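The structure presented is a predicted model; accordingly, all values stated were derived computationally and were not measured.
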Amino acid sequence: MRRAVRPEATWRLICLPHAGASSGTFSHWSTFLTDAELIAVQLPGRGDRLREPLPDDFGAVVNEVHEALSPYSDLPLVVFGHCGGAVLALEVVRRLTAGDGAPPTALVVSGQAVPTAIPAEEQLHRLSDDELAGQLRRLGGLPLMLDNPQLLRLVLPVVRADMRLTETIVGVAQPVCTPILAVRGTADVRVSAEELANWRTMTTGAFSVREFPGGHFYFEDDAESLVQEIAEARPVA
């Protein structure tokens, strides 16, 4: 979803949403960019792709996103992913780096620990609906839907499918050469400062950490500060 067409753009910000979210999460982020276009990824099963089957193959999703982004690789890219979206972003960056277009100049991972194999008993997508809703409430996500049983029944399958996508990856992720900026909210109960710092093992390039006030969804209160941090931290040739 190309949120703003800017012929004068010198780079593009690619955004991958967290579990259960759509490209609409980033609908207003482009207003905080002056020299860049924002491309928000829309996964199947939500938004204008509501009638499509929910994604069930991580590799296939990476391939689809990579193919969809290929036309936009004529400009330097910065790839952002929050929570499960950060896991997907890492692999998308790997594919883009191996492609023919301009390689990503930065990877921004938010609210997520380094992806590793997760034991079945710790995988959130295996929880009951009530337990999964409890986890979402603990993280501060989907507040309006959590209090509406009808909406909750609609969104939980999407959340569950997205979590399954990133929780059942086989093997351990390998480092990329792209510089990484790792970000979290200071009160995030899902990823600690120490876990966030471990992202330095995922790049052979530059690495930095930034924390913002708030919990797991810190950017919902101040997206502008995050977008400006991304723009300022972006390596410029």
Tell me, which pairs form a salt bridge (Lys or Arg N to Asp or Glu O under 4.0 Å) where one or both residues lie in residues 187-214, sequence neighbours left out? R184-E211, R210-E229
Mind jotting down which residue pairs meet the ring pair (Phe, Tyr, Trp, His ring centres under 6.0 Å) criterion with at least one end in residues 30-59? Sequence neighbours excluded, please. H28-F32
Keeping to residues at least two apart or across chains, list the ring pair (Phe, Tyr, Trp, His ring centres under 6.0 Å) pairs with something in residues 67-93. H18-H82, W29-F80, H82-H216, H82-F217, H82-F219
Considering residues at least two apart in sequence or located in another chain, which fulfil the side chain to side chain contact (heavy atoms under 4.5 Å, CB included) criterion with T168? Q123, H125, R164
Please name all residues satisfying side chain to side chain contact (heavy atoms under 4.5 Å, CB included) with A89, sequence neighbours left out, ordered by chain then number. L16, V79, L107
Mind checking whether V227 and F26 have side chains closer than 4.5 Å, heavy atoms only? no
Rounded to the nearest 0.5 Å, what separates atom OG in S22 from atom CG in L43? 9.5 Å
Residues at least two apart in sequence or cross-chain that pass side chain to side chain donor-acceptor pair (under 3.5 Å) with R6, listed by chain then number, are none
D56 meets the side chain to side chain donor-acceptor pair (under 3.5 Å) criterion, sequence neighbours left out, with none
Looking at S70 and H66, would you say the former's side chain and the latter's main chain have a donor-acceptor pair under 3.5 Å? yes
Side chain to side chain donor-acceptor pair (under 3.5 Å) filter on N198, not counting sequence neighbours, yields none
Side-chain hydrophobic cluster, 4.5 Å single linkage: members besides M1: none
Side-chain heavy atoms of C15 within contact of L38, under 4.5 Å: yes
Answer yes if the side chains of T186 and Y218 hold a donor-acceptor pair under 3.5 Å, and no otherwise. no
Which residue pairs satisfy the salt bridge (Lys or Arg N to Asp or Glu O under 4.0 Å) criterion with at least one member in residues 23-51, sequence neighbours excluded? R2-E37, R12-E37, R46-D162, R49-E52, R49-E64
Kindly give the heavy-atom pair with the smallest separation between L75 and A9, and that separation in Å. CD1-O, 3.5 Å
Tell me who clusters with L50, hydrophobic residues only, linked when side chains sit under 4.5 Å apart either directly or through other members. none
Residues 120-134 vs salt bridge (Lys or Arg N to Asp or Glu O under 4.0 Å), sequence neighbours excluded, gives D129-R160
Sub-4.5 Å side-chain heavy-atom contact between M202 and Q174: no
